[in-house]
**Student:** 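I am attaching a structure below and will ask some questions about it afterwards.
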Amino acid sequence: MTIQNDRIIRALLRQPVDRTPIWLMRQAGRYLPEYRELRKRTPDFMTFCKTPELACEATLQPLARFPLDAAIVFSDILTVPDAMGMDLQFVSGEGPVIRNPIRSMDDVKKLKPVEVEADLAYVQEAIRLINIELDNKIPLIGFAGSPWTVATYMVEGASSKTFSTIKTMLYREPEILHALLQRLADVTVRYLNMQIAAGARTVMIFDTWGGVLSNNEYVDFSLQYMKKIADQLIRDVNGQRIPVVFFTKHCDPWLELLAASGCDAVGLDSTVDMASAKQRVAGRVALQGNLDPFLLFAKPDRIEQAVIDILDGYGPGPGHVFNLGHGIDKDTPIDSVERMVEAVRHYGHQPVTQEMELVV
Ligand code: CP3
């Protein structure tokens, strides 16, 4: 089935587009008053995620406001540990809390085997409902957390500032952590393949906490498992390639390794300079990013200039998807989002010429 606006897919595959496409990390969520209103229907966040009609509605909300080039299925990276039998709750003001964290090999062995088609059927159903509503106008993005990032919550039992528990495990009993990461990688392959089969046109792996690893551990404990996942994903549906995007927050030291890891595109956080990133990846992958989400608290002209700087930083040629460098903040002024999207649409025009087709 062809998609009317497939700019994001084309850009992720480094094919020419008439203008730089844009979507926003966490584009559905608490900065939208209509989301906060919808959330009142089920105070419990996981119940919200598990109700496909609500997940569908939340997914569509930002699209009714802003002319974005993709939808992202409303869900969370912690659906996986939830399906593995972890006692997960989202406590207001505290974020996710897991009351039975992983601390031993026995804990890993006791994790429930996951049947994605049954245990995560609600995500499949949400994707189906969303795609009916999208009516092939724009692509839907599927996602999962990286094994390392999901493991941080499973081992720490909550969000952490120091990651001391999981790092202690990493240095003292790495075999436990590897066993957990392997379990997560296996489930994530099946989970993302289910999302692709259900209609996700591209998938993104969020490695929010990869950047807290030391230089010597990042490859072994995070990138290695993301790579294993990418190697086993369905990459072609009816002749249409399904791009895979890796996002490691604070990826700057490992950009070349990410570019060679088997993904189609790398998401950049705001600490990375776009122009040098483009040079460093040397055409091996597309780049997504990377406006500082807090720039949306600046005055309108400053926002517009920041958009121009990123577009100019990437420069001409295919392979750029505009995004924030991380999730949008819950207090973000809506006007600023409008301004940014406008600016990307205005300044992101790419002359589609025959030479450009050849550059691909
Ligand atoms: O982008 C989208 O619009 C899709 C929605 C989405 C959510 N979580 C919804 C959500 C996505 C892509 C995620 C991914 C996610 N979840 C990540 C990786 C991306 C990133 O931003 O780094 C992480 C680390 C999580 C784990 C998580 N989920 C945390 C730490 C929290 C608490 C945040 C807080 O400030 O309370 C969540 C909850 C969550 N996930 C919310 C939303 C909209 C807020 C919950 C609510 O509505 O009360």
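Atoms within a ligand are numbered from 1 in the order they appear, just like the ligands themselves.
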**Student:** Provide, to 0.1 Å, the distance between atom 10 (C) of ligand 1 and the closest protein heavy atom, together with that atom's residue and name.
**Tutor:** F45 CZ, 3.4 Å

**Student:** Is it true that the side chains of D207 and S222 contain a donor and an acceptor less than 3.5 Å apart?
**Tutor:** yes

**Student:** Looking at every non-hydrogen atom in both residues, tell me the closest pair between P300 and R339 and how far apart they are.
**Tutor:** CB-CZ, 3.6 Å

**Student:** Could you tell me whether ligand 1 has any atom less than 4.0 Å away from a heavy atom of S75?
**Tutor:** yes

**Student:** Under the side-chain hydrogen bond (donor to acceptor under 3.5 Å, both in side chains) rule, collect the residues that match up with S159, sequence neighbours excluded.
**Tutor:** none

**Student:** Just let me know how Y153 lines up against ligand 1, side chain, backbone, both or neither, with a heavy-atom cut-off below 4.0 Å.
**Tutor:** side chain

**Student:** Minimum heavy-atom separation for R7 to D18, with atom names?
**Tutor:** NE-OD1, 2.6 Å

**Student:** I'd like to check whether S159 has a polar contact with ligand 1, where a contact means an N/O of the residue lying under 3.5 Å from an N/O of the ligand.
**Tutor:** no

**Student:** What protein heavy atom lies closest to atom 18 (C) of ligand 1? Include the residue and the distance to one decimal.
**Tutor:** T208 OG1, 3.2 Å

**Student:** H326 near ligand 1, heavy-atom distance under 4.0 Å?
**Tutor:** yes

**Student:** Going from NE2 on H320 to CG on L12, what distance comes out if it is rounded to the nearest 0.5 angstrom?
**Tutor:** 10.5 Å

**Student:** How would you list all residue pairs meeting side-chain hydrogen bond (donor to acceptor under 3.5 Å, both in side chains) that involve residues 178-197, not counting sequence neighbours?
**Tutor:** T79-Y191, H178-Y225, Q182-D186, Q182-K228

**Student:** How far is atom 29 (C) of ligand 1 from its nearest protein heavy atom, and which residue and atom is that?
**Tutor:** P96 CD, 3.7 Å

**Student:** Would you tell me which option among R30, K330, M204 has the nearest heavy-atom contact to atom 33 (C) of ligand 1?
**Tutor:** R30

**Student:** For atom 12 (C) of ligand 1, what is the closest protein heavy atom, and at what distance to 0.1 Å?
**Tutor:** F143 CZ, 3.5 Å

**Student:** Specify whether F247 and F206 have parallel, tilted or perpendicular ring planes, treating 30° as the upper limit for parallel and 60° as the lower limit for perpendicular.
**Tutor:** perpendicular

**Student:** Looking only at distances, please establish whether an N/O atom of ligand 1 is found under 3.5 Å from an N/O atom of F74.
**Tutor:** no

**Student:** Nearest protein heavy atom to atom 26 (C) of ligand 1, by residue and atom, and its distance?
**Tutor:** D76 OD2, 3.6 Å

**Student:** If you count the atoms of ligand 1 from 1 in the order shown, which ones are under 4.0 Å from a heavy atom of F206?
**Tutor:** 12 (C), 18 (C), 19 (C)

**Student:** Will you find, in the side chains of S104 and D106, an N or O donor that is under 3.5 Å from an N or O acceptor?
**Tutor:** no

**Student:** Is the distance between the ring centroids of F74 and Y35 under 6.0 Å?
**Tutor:** yes

**Student:** Taking atom 17 (C) of ligand 1 as the point of reference, which of M25, R26, R36 owns the nearest heavy atom?
**Tutor:** R26

**Student:** May I ask whether Y35 has any heavy atom positioned less than 4.0 angstrom from an atom of ligand 1?
**Tutor:** yes

**Student:** Strictly by modelled atom types, are Y153 and W209 linked by a side-chain donor-acceptor pair under 3.5 Å?
**Tutor:** yes

**Student:** Give the numbers and elements of all ligand 1 atoms closer than 4.0 Å to a heavy atom of R39.
**Tutor:** 46 (C), 47 (O), 48 (O)

